[in-house]
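We count residues from 1, following the sequence as given.
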Amino acid sequence: MRYTAIALDYDGTIAHDGVVPPHVLDGLVRLKNTGRKLVLVTGRDLDELLGIFPEIGIFDRVVAENGALLYRPHNGERKELGEPPPEDFLACLRATGMPLAVGHTIVATVRPHEVAVLAAIANLGLEQQVIFNKGAVMVLPPGCNKASGLKAALAEIGLSPRNVVAAGDGENDHALLDLAEYAVATANAVPTLKEAADYVTTATHGDGVLEVVAGLIESDLVTMPPKCRRRALCLGRDAQGEEVILPSRRASLLLAGDAAHTTDLGTALLEHLGRSGYQFCVLDTRGHYLGFKPAVSFGTLDNPPAAEEVITALEKPDVQAVVCLAAVPVAERPDYVERLLLPLRKLREDAGRPHWILVDQAHDLMPAGARVDDSPASAAENTIYVTDDPAAISPAILAGVDGIAVCGATAGPTLEAFARALSWGAPSLPSRESREGEAMVWFRWAERPVALIELARVRTDPQPPGRIGREKSPEVGQVLRRA
């Protein structure tokens, strides 16, 4: 299951004129029964919300006051996520006679009183931020919004934003939708939110949300692909400067070539994934990824890793893992990997993570002679297989690959042989062979020909015992340089 939670605005999204219809509640209960979590993210004051929405208990967490207050419906506990408004600020606003609502952290009024609000903030030298939502004017502490509130809620229930669907209708929902992996704007949403959304519902309010609920239950949104790719895995840029990206959210990639180049490219892709908030797990047979600072290493060149420790660590969505298998005897590695992939697959089914798995020296871990028909590795999505000998990998694994990137002077012949073996058809190769520091990239279902890109590289401080050395975190634009 990729999408394990849905985060929903209240007014204008699931509620119409302040009321959530019974059939919308029924739909949300059906979604919850699939094992997914429900999070309500609203600009309303919590006490006001509790008075008009008695069914609030269907939600696992509630973020109120536009991200400033976290509420746990199962036990009624509240957690303030921001400082209360200064008393002198409240006194200044009340002196104007404007309509005013004060929550634990939020201060709300309506237009056109934003002029007086901004003047009070400036005169008192405060850092409060002003957020608009249709006719409402909300004042909050700096950095406090629906996205920050949702992050706090997800941290409590152990989920990643990269597995969340979010839906809203107003200006203050931009941060919420931007944080989520799949963004929904209801048909009654403001135009700017519709432009930013991955999907705009046909129906308005809660009926629109039920369209997404149905898509989640029926296909985990496979039948409702986003209108544009966000946080795509970019392999580099071609000679025309266009990004070469993995064409699907649910894909696998083969990196073929000598170890130095494939490790550089694999490391750059992992860094890109980590910066985008995706969790990854590396199965490292040579210790080449032990120096990768963003990840926690399990096992060393001399001591094998404990599979249970790896799984326990990956249950935390912000942990990246490198599993060093160098100390595991070569003959025992396929069995070890199969034992590790079983709980990894279960974790993916339950929590949607780790989002990506990189298998180094895949020909050693998933060899051609191994039985993989019943293995969770077969047909795995979001997996990067790294090898210097594609022909030695299990055919069942290769058959599920969606794209291939080949490094080295023989990239063209390697691609042609790979395509013949898997009946991909004849690739349209570039006019010249790849040179040092370049790779040829081809995707199975794409119409574009084979792309010639410069290899992504990560230069870092040497970290024994692995071969990766890295400088200070380069920007993605520096890592994935234009050819």
Side-chain angles (χ1 to χ4, degrees), residues 1 3-67 69-78 101 103 133-136 146 149-150 153-154 157 159 163-170 172-173 176-177 180 182-190 193-194 197-221 223-224:
M1 183 163 57
Y3 299 109
T4 56
I6 189 167
L8 300 167
D9 171 51
Y10 188 76
D11 291 287
T13 302
I14 62 170
H16 195 179
D17 294 332
V19 178
V20 182
H23 71 283
V24 175
L25 289 170
D26 290 343
L28 295 179
V29 170
R30 288 196 302 274
L31 183 63
K32 189 177 179 70
N33 289 339
T34 66
R36 293 177 171 91
K37 302 296 185 182
L38 307 183
V39 182
L40 186 63
V41 188
T42 175
R44 277 193 183 256
D45 174 80
L46 179 60
D47 290 329
E48 177 187 36
L49 183 65
L50 293 174
I52 64 173
F53 187 37
E55 300 86 359
I56 199 169
I58 68 169
F59 286 90
D60 296 276
R61 291 293 186 277
V62 175
V63 177
E65 298 191 10
N66 212 70
L69 184 67
L70 181 62
Y71 176 67
R72 306 174 182 112
H74 63 284
N75 59 16
E77 293 179 350
R78 307 181 184 206
N133 182 35
K134 299 179 181 178
K146 286 191 173 185
L150 178 60
L154 294 176
I157 56 181
L159 296 181
N163 298 103
V164 173
V165 177
D169 75 304
N172 65 329
D173 291 317
L176 174 66
L177 267 60
Y182 188 97
V184 177
T186 54
N188 55 292
V190 296
L193 200 69
K194 291 180 179 180
D198 295 312
Y199 177 78
V200 179
T201 66
T202 302
T204 65
H205 303 88
D207 289 322
V209 171
L210 291 182
E211 296 173 20
V212 182
V213 167
L216 284 167
I217 295 174
E218 294 168 6
S219 70
D220 202 26
L221 296 184
T223 58
M224 298 170 62

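Under 4.0 Å is where a charged nitrogen must lie from a carboxylate oxygen, and between Arg36 and Asp220 at least one such pair does. Ion pair Lys146/Asp9 flagged as a salt bridge, since at least one NZ, NE, NH1 or NH2 atom sits closer than 4.0 Å to an Asp/Glu carboxylate oxygen. In summary, Lys194 and Asp169 do not engage in a salt bridge, as defined by a charged side-chain N under 4.0 Å from a carboxylate O.
Without hydrogens or angle criteria, Asn188 side chain to His205 main chain gives a donor-acceptor distance under 3.5 Å. Between the side chain of Glu65 and the backbone N or O of Leu46 there is no donor-acceptor pair closer than 3.5 Å. Asp207 contributes no side-chain N or O that, together with a main-chain N or O of Thr204, makes up a donor-acceptor pair within less than 3.5 Å. For the pair Asp198 (side chain) and Ala183 (backbone), a donor-acceptor distance under 3.5 Å is present. Judged purely by atom type and a 3.5 angstrom limit, Asn66 has no side-chain atom pairing as donor or acceptor with the backbone of Arg44.
The closest side-chain heavy-atom distance from Leu31 to Ile6 is below 4.5 Å. Looking at Leu8 and Val209, their side chains come closer than 4.5 Å, going by heavy atoms from C-beta outward. Side-chain contact between Phe53 and Leu25 is present, with heavy atoms from C-beta onward closer than 4.5 Å. For the pair Tyr10/Val20, a side-chain contact is recorded, criterion being any heavy-atom separation below 4.5 Å from C-beta on. Contact of the Phe59 side chain with the Lys32 side chain is not registered, since no non-hydrogen atoms from C-beta on lie closer than 4.5 Å. Put simply, the side chain of Tyr71 does not reach to within 4.5 Å of the side chain of Val63, judged on heavy atoms. Side-chain contact between Asp26 and Arg30: present, with at least one pair of heavy atoms (C-beta onward) separated by less than 4.5 Å. Side-chain contact between Glu211 and Thr202 is present, with heavy atoms from C-beta onward closer than 4.5 Å.
With sequence neighbours excluded, no residue forms a side chain to side chain donor-acceptor pair (under 3.5 Å) with His74. Contacts of Arg61 classified as side chain to side chain donor-acceptor pair (under 3.5 Å), with partners at least two apart in sequence or in another chain: Glu156.
Screening Leu176, Ile157, Leu159, Val164 against Val39 for a side-chain contact (heavy atoms from CB on, under 4.5 Å) leaves a single residue, Ile157.
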